[in-house]
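Numbers here are sequence positions counted from 1. Hydrogens, waters and symmetry mates play no part in the numbers below; they use all other heavy atoms, side chains included.
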Amino acid sequence: MSVIFDGLSLGAIYALIALGYTMVYGIAKMLNFAHGDIIMVGAYAVFTTLAAGGNLAIGVLASVIVCTLMGIIIEKVAYRPLRGVTPIAVLITAIGVSYLLQSIAQLIFGAKAQSVSLPSLGAVNIAGTNVSVSSILTMGISAVIMIALTLFIKKTRTGRAMLAVSEDRGAAQLMGINVNKIITVTFAIGSALAAFASVFYLFQIPTAEPTLGSMPGIKAFTAAVIGGIGSIPGAMIGGILLGVIENLSKAYISSQMSDAIVFLILIIVLLVKPTGILGKKINEKV
């Protein structure tokens, strides 16, 4: 039972990160491979806050603010000038931004992993199984965030504008929607979600290093593809599935083979349903 709870907790983290990928792709039609490194930025924000004598609440707030601003800056400086160019140019830029963030972190904090002193939250007994409070908080807060995001997209004016831009950017612009503003808001929301993911990830592995976001970022992208890239519910489902599968693989097959099994699942899903679980096939007009 503890394996399932830990898998759901890990899956919730992947889902939060995957939401950033899928929102940016769905609205801006680009893959932001620097998104994983926003998690690293958030982790260092928490580390710096705690090292300066702040508490966890201040650290979480600092992480959200720094990551949100970072997302806005990256969109404005790196991606907005490339609007309308070939996808390969955007992809190369995203990879460049990723390595730039890692290099800056290495210059500031060094290449050595830094231990993050998070408070111990203890554990509770559920159905005869000890479950860490951090795992329960991760699942609970992630669920609230995902529900709030879904309501925001469906019920608010900005959310509906985001849906309009994702459907037809040109038509949305003709209807008076500020496309640049909507894309910036999308990057800001995705980066804020990555900040929460970084805090939850630190509870599982309490160390910050320049490459911290690389593997979680890749796995979250895998979750987004499995769920259906561009689909918000798909990102949630893909993240949860990936976390549970990874933990079950570590517990019952091999901890060394767990990553290989995760990517094997991706290959199988793409072979059976290339658009992902909830993805929709888009017919291109020529």
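Val46 and Gly59 make their closest contact through CG2-O, 3.7 Å (heavy atoms, listed as atom of the first residue, atom of the second, distance). Between Ala192 and Thr68, the shortest heavy-atom contact is CB-OG1, 3.6 Å. Of all non-hydrogen atoms in Cys67 and Ile38, the two that sit nearest each other are SG-O, 3.4 Å. Of all the heavy atoms in Val90 and Met30, the pair that sits closest is CG1-CE, 3.5 Å. Tyr21 approaches Ala224 most closely through the heavy-atom pair CB-CB, 4.4 Å. Ala94 and Leu31 make their closest contact through CB-O, 3.8 Å (heavy atoms, listed as atom of the first residue, atom of the second, distance).
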- Can you list the steps and then say if Phe263 with Ile218 is a side chain to side chain contact (heavy atoms under 4.5 Å, CB included)? CA-CA 10 Å; Phe263 295 120; Ile218 292 172; 3.8 Å; yes

- Would you check, one step at a time, whether the test side chain to side chain contact (heavy atoms under 4.5 Å, CB included) holds for Asp6 with Ser135? CA-CA 7 Å; Asp6 290 341; Ser135 293; 3.8 Å; yes

- Take Asn32 and Tyr79 through the test side-chain hydrogen bond (donor to acceptor under 3.5 Å, both in side chains) and record every step on the way to the result. CA-CA 9 Å; Asn32 178 23; Tyr79 298 140; 2.6 Å; yes

- Task: Apply the test side chain to side chain contact (heavy atoms under 4.5 Å, CB included) to residues Leu242 and Ile265: give CA-CA distance (whole Å), side-chain angles for both, the deciding distance (0.1 Å), then the verdict.
- Result: CA-CA 9 Å; Leu242 204 69; Ile265 296 295; 5.6 Å; no

- Item | Step-by-step side chain to side chain contact (heavy atoms under 4.5 Å, CB included) determination, Glu209 to Met40 | CA-CA 7 Å; Glu209 56 184 328; Met40 174 269 295; over 6 Å; no

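Side-chain N or O atoms of Lys29 include one that pairs as donor or acceptor with a backbone N or O of Gly26 at under 3.5 Å. With hydrogens and angles ignored, the 3.5 Å screen pairs no side-chain donor or acceptor of Ser63 with any backbone N or O of Val60. Remark: side-chain polar atoms of Thr22 are not paired, donor with acceptor, to backbone N or O of Ala18 under 3.5 angstrom. In this structure a side-chain-to-backbone donor-acceptor pair under 3.5 Å is present from His35 to Ile17.
Cluster membership for Val133 and Leu118, using ILVMFWY side-chain heavy atoms within less than 4.5 angstrom, is shared. Neither Val272 nor Ile245 shares a network with the other; the hydrophobic side chains, linked directly or stepwise wherever heavy atoms of I, L, V, M, F, W or Y lie under 4.5 Å apart, form separate groups for each. Tracing side-chain contacts under 4.5 Å through hydrophobic residues (I, L, V, M, F, W, Y), one reaches Phe221 starting from Leu91; they form part of the same cluster. Connection of Leu82 to Ile88 is established within a shared hydrophobic cluster, with ILVMFWY side chains joined at heavy-atom distances below 4.5 Å, either directly or through further cluster members. When the side chains of ILVMFWY residues are joined at heavy-atom separations under 4.5 Å, either directly or via intervening members, Phe152 and Leu19 end up in a single hydrophobic cluster.
Two residues are said to be in side-chain contact when any heavy atoms from C-beta on lie closer than 4.5 Å; Val165 and Gln173 fail this criterion. Using a 4.5 Å cut-off on side-chain heavy atoms (C-beta onward), Met23 and Leu149 make contact. In this structure, Val244 and Leu8 have side chains that are in contact, with non-hydrogen atoms separated by less than 4.5 Å. Annotation: side chain of Thr207 is not in contact with side chain of Gln114 (no heavy-atom distance under 4.5 Å). When side chains are defined from C-beta on, Gln204 does not count as touching Thr138, because their heavy atoms never get closer than 4.5 Å. In this structure, the side chains of Leu248 and Ile261 stay at 4.5 Å or more apart for every pair of heavy atoms. Counting only heavy atoms from C-beta outward, the side chains of Ile58 and Asn55 approach each other to under 4.5 Å. By the 4.5 Å heavy-atom criterion applied to side chains, Pro210 and Phe109 are not counted as neighbours.
Taking OG1 from Thr48 and CD1 from Ile108, the interatomic distance works out to 8.5 Å, rounded to the nearest 0.5 Å. The line from CD1 of Ile39 to CG of Leu101 is 11.5 Å long, rounded to the nearest 0.5 Å. For the atom pair Leu212 CG and Phe47 CZ, the distance stands at 12.5 Å (nearest 0.5 Å). To the nearest 0.5 Å, atoms CZ (Phe5) and CG (Leu10) are separated by 15.0 Å. Atom-to-atom distance recorded for Met236:CE and Leu16:CG is 9.0 Å, nearest 0.5 angstrom. One finds the CD1 atom of Ile153 at 6.0 Å from the CG atom of Leu163 (value rounded to the nearest 0.5 Å).
Between the side chains of Tyr14 and Glu246, at least one donor-acceptor pair of N or O atoms lies under 3.5 Å. In the model, Glu75 has a side-chain atom that pairs as donor or acceptor with a side-chain atom of Thr184 under 3.5 Å. A donor-acceptor pair shorter than 3.5 Å cannot be found between the side chains of Asp37 and Tyr99. For the residue pair Ser134 / Ser132, a side-chain donor-acceptor distance below 3.5 Å is found, with atom types taken as modelled.
Taking a 4.5 Å side-chain heavy-atom cut-off between Ile, Leu, Val, Met, Phe, Trp and Tyr, the cluster of Ile72 contains only that residue.
The 12-atom threshold is not exceeded at CZ of Phe196, counting heavy atoms of other residues, nucleotides or ligands nearer than 6.0 Å.
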